[in-house]
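Here the structure is laid out as structure tokens; the discussion comes afterwards.
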Amino acid sequence: MSVRECPPFMLDNALQFSHTLLKEILKTGDVVVDATMGNGHDTLFLSQCVGTTGKVYAFDIQESALVLTEKLLSAAQCPPNYQLFLAGHETVAQHLPPDTMLQGAIFNLGYLPQGDKTVVTQGSTTLVALKSLLACLAVGGRIVLVVYWGHPGGETEKEALLDFCQSLPQKIWHVACYNFINQKNQPPFTLCIERRR
Ligand SMILES: C[S@@+](CC[C@H](N)C(=O)[O-])C[C@H]1O[C@@H](n2cnc3c(N)ncnc32)[C@H](O)[C@@H]1O
């Protein structure tokens, strides 16, 4: 093999792996949450996973995120299976219809690349959102978090999340961490919380 050729199989990066984990379990008609809408790439992915009969609830605190996401989903001709909220994910419980049963959710933490780098997710509000979402996760459902933590405040959020995830009782929750352990500069990693019963 020449040095220029790529091997046929390569490990997913943290973001790709978050989609792989959700793709495995999501099906048409499922209800899901994008807790950090940003440019809308995860919202689009979720909309395509759950189809016309499913529903995606997406959250962001920046109005530009809603504008860009709406544009992306319209351009991709997504069905009207999504609802975008200009609201912090910590308010998710107030926005989901009563008795919502979720099959999945995604968080993409940190700041929006090409956006305002001072607007970052915070451990305290991320944990409020995560607990609300766990409370309505169906058995077999998964919440995935792509944890970017190289920015100021990122390490505090990472530690708070790991502490919380490690304390979840294993009879109910399986928690996995996908991490590249030989990369420099605080590489992002993926956490997945799965409800077992
Ligand atoms: C890494 S970006 C998300 C990227 C996005 N998933 C995409 O596909 O483009 C993180 C996003 O989280 C948003 N954010 C920060 N705090 C938030 C909060 N409390 N609730 C919801 N979104 C928040 C930021 O505004 C930013 O757009």
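Just so you know, ligand 1 is whichever comes first in the structure, and atom 1 is the first atom listed for that ligand.
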Checklist entry - What pairs with Glu24 under salt bridge (Lys or Arg N to Asp or Glu O under 4.0 Å), at least two apart in sequence or on another chain? => result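 With neighbours one apart ignored, the set is Arg142.
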
Could you give the N/O to N/O pairs under 3.5 Å linking ligand 1 and the protein, each with its distance?
| unit_1 | atom_1 | unit_2 | atom_2 | d |
| --- | --- | --- | --- | --- |
| ligand 1 | 6 (N) | Thr36 | O | 2.8 |
| ligand 1 | 6 (N) | Asp42 | OD2 | 2.8 |
| ligand 1 | 8 (O) | His41 | N | 3.1 |
| ligand 1 | 8 (O) | Asp42 | N | 3.3 |
| ligand 1 | 9 (O) | Asn39 | N | 2.9 |
| ligand 1 | 19 (N) | His89 | NE2 | 3.3 |
| ligand 1 | 19 (N) | Glu90 | OE1 | 3.0 |
| ligand 1 | 20 (N) | His89 | N | 2.8 |
| ligand 1 | 20 (N) | His89 | ND1 | 3.3 |
| ligand 1 | 25 (O) | Asp60 | OD1 | 2.6 |
| ligand 1 | 25 (O) | Gln62 | NE2 | 2.7 |
| ligand 1 | 27 (O) | Asp60 | OD2 | 2.7 |

Checklist entry - Taking only residues two or more places apart in sequence or in another chain, which ones pass side-chain hydrogen bond (donor to acceptor under 3.5 Å, both in side chains) with Thr69? => result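 Scan of Thr69 (side-chain hydrogen bond (donor to acceptor under 3.5 Å, both in side chains), adjacent residues dropped) gives none.
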
Item to check | side-chain hydrogen bond (donor to acceptor under 3.5 Å, both in side chains) involving Glu90 - partner list, sequence neighbours excluded | outcome: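 Result, side-chain hydrogen bond (donor to acceptor under 3.5 Å, both in side chains) vs Glu90: none returned.
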
Checklist entry - Are Phe164 and Lys131 side-chain neighbours, meaning at least one heavy-atom pair lies under 4.5 Å? => result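 Yes - at least one pair of side-chain heavy atoms lies under 4.5 Å apart.
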
Checklist entry - Does any donor atom in the side chain of His89 or Asp60 lie under 3.5 Å from an acceptor atom in the other side chain? => result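 There is no such pair (donor and acceptor under 3.5 Å, judged by atom type) between the side chains of His89 and Asp60.
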
Next on the checklist: Is a donor from one side chain sitting under 3.5 angstrom from an acceptor on the other, for Glu70 and Tyr82?
Outcome noted: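 The criterion, which ignores hydrogens and geometry beyond distance, is satisfied for Tyr82 and Glu70.
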
